[in-house]
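In listed order, ligands and their atoms are each counted from 1. We number each residue from 1, following the sequence as shown.
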Amino acid sequence: MDLPTGTVHLASHLVVDAQRVLAAECRALLDGAVPGYVPIVRGGGKMHVRMLCLGRHWNGQTYRYESTRADFDGLPAPPLPKSFKDLANSIARAAGLTLDADLCILNYYDAEGRMGLHQDKDESAESLAAGLPVVSVSLGDTARFLFGGLRRKDPVTAIPLHSGDAFVFGGPSRLCYHGVSRILPGTAPSPLGITGRFNLTFRQY
Ligand SMILES: O=C(O)CCC(=O)C(=O)O
């Protein structure tokens, strides 16, 4: 499949055992002392994922990053685990790009989960100008991921993201529109012991 410059799909990047360990960590974080929650965005719409931000919190009302969850419960964003940061940076290297990840948005999609087309553009002006990549890791059920161009109306390509896939977009692709149109329930590898899908997107603020 032809992907634009700066976009790399690393299919089956994580072996099943690494996926299992990471999925267990994601579950523990989402159900931890600072739990995942369903954000309500500007305009009042509820997102269709359960979200937990690590390292920095993305505020769904202001579309800015902050240290505490002012749009929800005021709790501090949990730190980004070093193992997560190392994984993200190594995936960026494998894609031929450089990243020093300092935040991760962890999303859980149930069978009805989805995410509308959007750009990731709330990181710092310096990070965006440098085209520092977004590194995405998928675990569990397959997602129908949509990847488009720099304008909302540009055509999109539907790419199945399977458990263990990494998807990286940086450089001239950094601001490409993307989203998830649906989850394919029951497709998670059984050793993970999960229903639904975790997605981690790592960024450098
Ligand atoms: O779940 C995905 O694959 C994409 C997530 C995403 O677009 C985001 O967190 O901004």
Side-chain angles (χ1 to χ4, degrees), residues 1 3 6-14 19 22-23 26 29-30 36-39 41-42 45-60 63-65 71 77 80 84 87-88 91-92 95 99 101-123 127-128 132-150 152 154 156-170 173-185 187-188 194-205:
M1 185 182 306
L3 291 171
T7 303
V8 182
H9 182 188
L10 299 167
S12 308
H13 188 74
L14 293 185
Q19 294 175 41
L22 187 55
C26 290
L29 282 163
L30 279 161
Y37 73 107
V38 178
V41 292
R42 228 158 36 196
K46 255 189 176 182
M47 290 186 76
H48 299 276
V49 292
R50 191 162 164 238
M51 179 180 287
L52 176 65
C53 302
L54 307 168
R56 279 177 201 254
H57 175 68
W58 177 78
N59 181 319
Y63 290 21
R64 290 175 185 274
Y65 286 99
D71 59 330
L80 178 67
F84 282 33
L87 173 67
I91 291 172
L99 180 70
D102 54 12
L103 74 102
C104 171
I105 300 184
L106 166 59
N107 288 313
Y108 173 74
Y109 297 74
D110 65 15
E112 308 299 321
R114 60 185 191 274
M115 191 175 289
L117 271 190
H118 64 282
Q119 291 173 299
D120 290 350
K121 59 178 183 188
D122 300 327
E123 293 71 37
S127 175
L128 298 178
L132 299 181
V134 173
V135 167
S136 154
V137 175
S138 296
L139 299 168
D141 284 342
T142 300
R144 185 171 185 267
F145 180 68
L146 304 178
F147 198 70
L150 296 175
R152 182 178 287 279
D154 286 341
V156 296
T157 305
I159 302 166
L161 288 184
H162 301 287
S163 195
D165 285 7
F167 193 89
V168 183
F169 50 104
S173 294
R174 177 60 173 78
L175 290 175
C176 284
Y177 277 86
H178 59 280
V180 171
S181 61
R182 61 169 299 216
I183 299 300
L184 277 59
T187 52
I194 61 170
T195 54
R197 171 179 187 250
F198 295 119
N199 175 261
L200 305 101
T201 53
F202 297 95
R203 308 127 194 260
Q204 181 175 341
Y205 179 80

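- Looking only at heavy atoms of the protein, atom 10 (O) of ligand 1 is closest to H118 NE2, 2.9 Å.
- Which parts of ligand 1 touch T201 is read off a 4.0 Å heavy-atom cut-off, strictly below it: atoms 9 (O).
- With hydrogens and angles disregarded, a donor-acceptor distance shorter than 3.5 Å links the side chain of D141 to the backbone of T187.
- For ligand 1, the atoms closer than 4.0 angstrom to any heavy atom of D120 are 10 (O).
- Among W58, F145, F167, Y109, the residue whose heavy atom lies nearest to atom 1 (O) of ligand 1 is Y109.
- Nearest protein neighbour of atom 5 (C) of ligand 1, counting heavy atoms only, is N199 OD1, 3.5 Å.
- Judged by distance alone, with hydrogens and angles left aside, the side-chain atoms of D71 form a donor-acceptor pair with the main-chain N or O of G60 at under 3.5 Å.
- Using modelled atom types, one side-chain atom of S127 and one backbone atom of Q204 make a donor-acceptor pair closer than 3.5 Å.
- Environment of CZ in R64: sparse, with no more than 12 heavy atoms of neighbouring residues, nucleotides or ligands closer than 6.0 Å.
- In this structure, D102 contributes its side chain and Y205 its backbone to a donor-acceptor pair below 3.5 Å.
- Atom 3 (O) of ligand 1 has its nearest heavy-atom neighbour, among R203, R197, R114, in R197.
- At a heavy-atom cutoff of 4.0 Å, ligand 1 is contacted by no atom of V134, backbone or side chain.
- For atom 6 (C) of ligand 1, the closest heavy atom belonging to the protein is M115 SD, 3.5 Å.
- The side-chain tip of R56 does not point at the ring of Y65 from less than 6.0 angstrom away and within 45° of straight on.
- A donor-acceptor contact shorter than 3.5 Å is absent between the side chain of N107 and the backbone of F198.
- For ligand 1, the atoms lying closer than 4.0 Å to a non-hydrogen atom of N107 are 9 (O).
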